[in-house]
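The block underneath contains the structure these notes are about, expressed in C-alpha cells.
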Amino acid sequence: MKQPTGRASSRSRPRADALVSSSYSRPAEIVARDLIGAILTSTIDGIETAGRIVETEAYVGPHDPASHAAERIGRTARNEPMFGEPGIAYVYRIYGIHWCLNVVTDAVDFPAAVLIRAIEPIRGIEHMRARRHTGQKRLLDRDLTSGPGKVAQALGITGAHNGHRLDRAPLWVSAGSGVTPAAVTVGPRIGITQAIDWQLRFSEARNPYVSRGSAA
DNA sequence: GGTCGGATCATCT
DNA sequence: GATGATCCGACCG
C-alpha cells in the first residue's frame, strides 16, 4: 500500500516510548536481563494487547551450541535475521505448530538473540484469551502467556513479523518500571540439548506468569 | 501433584 | 529422513 508523499504512516514510524536501537547493541545475556520488566505491545489485526516481560533466554553467539546460528550450522535462510540489525524480530516456527519471538541483539553479522519466554498480561487480556482459546475450558490468566508459544499466540505474532523492527507498530518493546537485579532469577535454559548448564535464562522471581519448569 | 505422547512442518543432512 | 529454543490433554497417584 502506497503512502502519500512526505508522510510516513504510523505503522512505519518509531514509537516515542519504544526502546532505542542501541539498547539491543549489547551482548544477548545483558539484553536478556534488561528486558525483564519491559513492556511488549502488539497492535496486530487491529487488536491491542500488551504485557510485561517476565522471562527471557539469551542465545549469545556462534559459540553457543544451543543457538540456531551455532557455528556448526552457519548462516542459513532460517537464521538470517539473527545476523541482521539489533532490535529486529526473529520469529520462527517450532515443532511445526508454534511461533517463537526473539529480539536480535549485539551487532550486525554477529548472530545473537533473546527469546521472549513469558509475559505478564497487562492490556487486551480478553483478546488474548480469545486467541489462546482452544478447548472447552476457560484458561486461567496465568496460562495465557506463560511460555514462548503462548506469548506469540496471545499477541497474534506469526512468521509475518519475522524481521520487523521492534520499535514501532504493530509490535514494539518499551521501557517498564524497572526490576532490580536481586529480583531476577538466573537459571539454565529450557528445552535444549546443548550447553544445558549455561545460565542464560532470566525470570522475575516469584512471578506467577513465568513458564513451568522455571527455577524458583 | 507428576509424567507421557501426539500434533505437525520448516529446515537441514 | 530426523529433528526441534512447545503445548496440551490424558492418565496415574
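Letters go in sequence order (proteins before strands), and every chain restarts at 1.
When each of C:dT6, C:dC7, C:dA5 is scored by its nearest atom to the side-chain atoms of A:Leu115, the top-ranked nucleotide is C:dA5. Of the candidate nucleotides B:dC12, C:dC8, C:dT6, C:dC8 has the atom nearest to the side chain of A:Arg132. Side-chain atoms of A:Lys150 lie closest to C:dC8 of the nucleotides B:dT11, C:dT6, C:dC8.
Rounded to whole Å, the distance from CD1 on A:Ile94 to C1' on B:dA7 is 13 Å. Across the protein-nucleic acid pair, A:Trp99 atom CH2 and C:dC7 atom C1' stand 16 Å apart, rounded to whole Å. Look at NE2 on A:His133: it is 15 Å from C1' on C:dC7, rounded to the nearest Å. Atom CE of A:Met82 is separated from atom C1' of C:dA5 by 10 Å (rounded to the nearest Å). The nearest whole Å value for the distance from the CG atom in A:Asp143 to the P atom in C:dT6 is 16 Å. The separation between A:His68 atom NE2 and B:dA10 atom C1' is 11 Å, rounded to whole Å. In this structure, CD1 of A:Ile73 is placed 11 Å from C1' of C:dT3, rounded to the nearest angstrom. Distance CD (A:Glu55) to P (C:dA5): 16 Å, rounded to an integer number of Å.
Residue A:Ile97 is in base contact, counting any heavy-atom pair closer than 4.0 Å across all strands shown. Among the heavy atoms of the strands, none lies under 4.0 Å from A:Arg72.
Of the possible polar contacts, none joining the A:Arg168 side chain to the A:Arg15 backbone as a donor-acceptor pair under 3.5 Å is found. No donor-acceptor distance shorter than 3.5 angstrom exists from the side chain of A:Asn207 to the backbone of A:Glu204, with no hydrogens or angles considered.
Checking the phosphate oxygens (OP1, OP2) of C:dC8, no side-chain nitrogen or oxygen of A:Lys137 falls inside 4.0 Å. OP1 and OP2 of C:dC7 both lie 4.0 Å or more from every side-chain N or O belonging to A:His98. Dashed line: the shortest gap from a side-chain N or O of A:Arg93 to OP1 or OP2 of C:dA5 is not under 4.0 Å.
Both distances falling under 3.5 Å, in either a Watson-Crick or a G-U wobble arrangement, occur for no nucleotide opposite B:dT8. Figure legend. C:dA10 is base-paired to B:dT3; pairs are counted as Watson-Crick or G-U wobble with both atom distances under 3.5 Å.
Both A:Val179 and A:Val186 are members of a single hydrophobic cluster when ILVMFWY side chains are connected at heavy-atom separations under 4.5 Å.
No hydrogens or angles considered: nothing links the side chains of A:Thr56 and A:Arg117 as a donor-acceptor pair under 3.5 Å.
Judged by atom type and distance alone, A:Tyr92 does not reach the base of B:dA10 through any side-chain donor-acceptor pair under 3.5 Å.
The aromatic ring of A:Tyr59 stacks onto the base of C:dA5, its centre lying under 5.5 Å from the centre of the six-membered base ring with the two planes under 30° apart.
Here the two rings, on A:His68 and A:Tyr59, have centers that are 6.0 Å apart or farther.
Nearest-nucleotide positions on DNA chain C for A:Arg78 and A:Gln153 put A:Arg78 closer to the 5' end.
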**Q.** A:Arg132/A:Gln153 under side chain to side chain donor-acceptor pair (under 3.5 Å): CA gap, chis, key distance, verdict
**A.** CA-CA 6 Å; A:Arg132 291 268 301 121; A:Gln153 188 179 17; 2.9 Å; yes

